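A short write-up of the structure that comes next.
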Amino acid sequence: MLNFSFERSHDAGILTFRGDITSRHNEDFKSALMVSISNAERVVVNFHEVSVFDRICLQTFCTAVRMAKRLRKSFVFNIFSVQKHIGGEVRECGFCDRLGCPLIRQPEDA
(Lines give C-alpha, C1' and ligand atoms only; values in the text may rest on other atoms or scores of the structure.)
Protein backbone atom coordinates (compact mmCIF):
# COMPACT_ATOMS: atom_id res chain seq x y z
CA MET A 1 0.00 0.00 0.00
CA LEU A 2 1.20 3.51 -0.83
CA ASN A 3 0.42 6.50 1.36
CA PHE A 4 1.65 10.03 0.83
CA SER A 5 1.16 13.52 2.17
CA PHE A 6 2.01 16.94 0.77
CA GLU A 7 2.37 20.13 2.75
CA ARG A 8 3.69 23.57 1.96
CA SER A 9 6.48 24.98 4.07
CA HIS A 10 7.53 28.54 3.22
CA ASP A 11 8.89 28.48 -0.35
CA ALA A 12 8.89 24.68 -0.73
CA GLY A 13 6.57 21.73 -0.57
CA ILE A 14 7.26 18.58 1.39
CA LEU A 15 6.09 15.31 -0.18
CA THR A 16 6.34 12.28 2.06
CA PHE A 17 5.78 8.72 0.87
CA ARG A 18 5.10 5.69 3.06
CA GLY A 19 4.78 2.04 2.09
CA ASP A 20 5.42 0.41 -1.26
CA ILE A 21 6.01 2.43 -4.42
CA THR A 22 5.28 -0.27 -6.97
CA SER A 23 3.71 -0.48 -10.42
CA ARG A 24 0.41 -1.27 -8.74
CA HIS A 25 0.49 2.25 -7.25
CA ASN A 26 2.23 4.03 -10.13
CA GLU A 27 -0.75 6.25 -11.02
CA ASP A 28 -1.08 7.46 -7.41
CA PHE A 29 2.69 7.99 -7.26
CA LYS A 30 2.66 9.98 -10.51
CA SER A 31 -0.33 12.06 -9.35
CA ALA A 32 1.39 12.90 -6.07
CA LEU A 33 4.51 14.05 -7.91
CA MET A 34 2.55 16.16 -10.42
CA VAL A 35 0.29 17.80 -7.83
CA SER A 36 3.25 18.64 -5.61
CA ILE A 37 5.33 20.20 -8.40
CA SER A 38 2.27 22.14 -9.56
CA ASN A 39 1.95 23.68 -6.10
CA ALA A 40 5.57 24.52 -5.32
CA GLU A 41 8.73 25.65 -7.08
CA ARG A 42 10.80 23.25 -5.02
CA VAL A 43 9.53 19.96 -3.59
CA VAL A 44 11.43 18.08 -0.92
CA VAL A 45 10.64 14.37 -1.35
CA ASN A 46 10.93 12.12 1.67
CA PHE A 47 11.39 8.41 0.89
CA HIS A 48 12.53 7.40 4.40
CA GLU A 49 9.41 5.34 5.11
CA VAL A 50 9.34 3.55 1.75
CA SER A 51 9.82 -0.20 1.89
CA VAL A 52 9.82 -1.06 -1.85
CA PHE A 53 10.51 1.11 -4.90
CA ASP A 54 10.22 -0.77 -8.19
CA ARG A 55 11.55 -0.11 -11.69
CA ILE A 56 8.32 1.27 -13.19
CA CYS A 57 8.02 3.88 -10.44
CA LEU A 58 11.71 4.69 -10.70
CA GLN A 59 11.17 5.55 -14.36
CA THR A 60 8.14 7.65 -13.41
CA PHE A 61 10.21 9.49 -10.81
CA CYS A 62 13.08 10.18 -13.22
CA THR A 63 10.59 11.48 -15.80
CA ALA A 64 9.06 13.79 -13.19
CA VAL A 65 12.52 15.09 -12.19
CA ARG A 66 13.30 15.89 -15.85
CA MET A 67 9.91 17.54 -16.34
CA ALA A 68 10.36 19.69 -13.24
CA LYS A 69 13.75 20.80 -14.52
CA ARG A 70 12.20 21.91 -17.83
CA LEU A 71 9.65 23.92 -15.82
CA ARG A 72 12.50 25.47 -13.80
CA LYS A 73 11.27 23.73 -10.72
CA SER A 74 12.91 20.98 -8.73
CA PHE A 75 12.49 17.85 -6.69
CA VAL A 76 15.00 17.62 -3.85
CA PHE A 77 15.61 14.34 -2.07
CA ASN A 78 18.11 12.63 0.15
CA ILE A 79 20.10 10.57 -2.31
CA PHE A 80 21.28 8.10 0.31
CA SER A 81 17.75 7.29 1.49
CA VAL A 82 16.71 6.70 -2.13
CA GLN A 83 19.72 4.49 -2.86
CA LYS A 84 18.92 2.38 0.19
CA HIS A 85 15.75 1.24 -1.55
CA ILE A 86 16.51 1.46 -5.26
CA GLY A 87 20.27 1.49 -5.77
CA GLY A 88 20.35 -2.03 -7.22
CA GLU A 89 17.27 -1.40 -9.32
CA VAL A 90 18.87 1.68 -10.91
CA ARG A 91 21.97 -0.25 -11.86
CA GLU A 92 19.95 -3.18 -13.25
CA CYS A 93 17.80 -1.11 -15.59
CA GLY A 94 20.72 1.15 -16.63
CA PHE A 95 18.60 3.85 -18.22
CA CYS A 96 19.82 6.55 -15.83
CA ASP A 97 23.47 5.97 -16.74
CA ARG A 98 23.31 7.90 -19.97
CA LEU A 99 21.22 10.69 -18.44
CA GLY A 100 23.61 11.47 -15.62
CA CYS A 101 20.87 10.71 -13.12
CA PRO A 102 21.90 11.56 -9.53
CA LEU A 103 20.27 8.36 -8.29
CA ILE A 104 23.24 6.28 -9.42
CA ARG A 105 25.95 8.22 -7.58
CA GLN A 106 27.91 6.40 -4.95
CA PRO A 107 28.39 8.07 -1.54
CA GLU A 108 32.00 8.88 -2.40
CA ASP A 109 30.80 10.74 -5.54
CA ALA A 110 28.41 13.01 -3.64
Side-chain angles (χ1 to χ4, degrees):
M1 178 166 206
L2 173 65
N3 293 306
F4 60 89
S5 62
F6 176 75
E7 56 189 72
R8 294 211 20 109
S9 176
H10 303 290
D11 64 338
I14 300 171
L15 179 60
T16 301
F17 289 101
R18 292 171 198 83
D20 298 343
I21 302 178
T22 63
S23 57
R24 175 183 231 183
H25 305 105
N26 193 47
E27 286 303 313
D28 292 335
F29 179 59
K30 181 179 175 181
S31 293
L33 293 169
M34 295 303 104
V35 167
S36 66
I37 205 67
S38 296
N39 287 291
E41 296 295 311
R42 185 172 151 260
V43 177
V44 177
V45 185
N46 179 353
F47 291 109
H48 287 96
E49 297 180 47
V50 171
S51 50
V52 177
F53 198 139
D54 77 8
R55 183 177 299 183
I56 298 296
C57 294
L58 171 61
Q59 292 170 335
T60 299
F61 182 62
C62 289
T63 298
V65 168
R66 288 192 311 270
M67 185 196 77
K69 188 174 180 179
R70 285 192 301 270
L71 296 172
R72 297 186 179 174
K73 296 184 176 195
S74 63
F75 285 106
V76 179
F77 50 92
N78 181 322
I79 192 68
F80 302 112
S81 70
V82 174
Q83 283 184 333
K84 173 181 163 187
H85 301 293
I86 64 170
E89 191 70 37
V90 170
R91 283 174 188 77
E92 277 182 38
C93 65
F95 73 94
C96 281
D97 293 337
R98 66 186 182 283
L99 300 174
C101 180
L103 297 177
I104 62 169
R105 280 192 231 145
Q106 294 297 314
E108 60 271 8
D109 295 338

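What you see is a predicted model, and the numbers here were worked out from it, not measured in a lab.
Taking Lys73 as the reference, Ile37, Glu41, Ala68, Leu71 meet the side-chain contact (heavy atoms from CB on, under 4.5 Å) condition, with sequence neighbours excluded.
Listed by first and then second residue, the salt bridge (charged side-chain N to carboxylate O under 4.0 Å, His left out) pairs involving residues 19-32 amount to none (not counting sequence neighbours).
A tilted orientation is assigned to the rings of Phe61 and Phe29, their planes being inclined by 30° to 60°.
Note: Cys57 SG to Ile21 CD1 = 6.5 Å, rounded to the nearest 0.5 Å. Atom CG of residue Asn3 and atom NE2 of residue His25 lie 8.5 Å apart, to the nearest 0.5 angstrom.
Shortest non-hydrogen contact noted between Ser23 and Asp54 is N-OD2, 2.7 Å.
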For residues 6-18, which side-chain N or O atoms pair as donor and acceptor with protein atoms under 3.5 Å away, sequence neighbours left out?
{"residue": "Arg8", "atom": "NH1", "partner": "Asn39", "partner atom": "O", "Å": "2.2"}
{"residue": "Arg18", "atom": "NE", "partner": "Glu49", "partner atom": "OE1", "Å": "3.4"}

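Following chains of ILVMFWY side-chain contacts shorter than 4.5 Å, one cannot reach Val45 starting from Val35, and the two form parts of different hydrophobic clusters.
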Run the side-chain contact (heavy atoms from CB on, under 4.5 Å) test on Phe75 and Ser36 for me, step by step, so that the C-alpha distance in whole Å, both residues' side-chain angles and the decisive distance to 0.1 Å come before the verdict. CA-CA 9 Å; Phe75 285 106; Ser36 66; 3.7 Å; yes

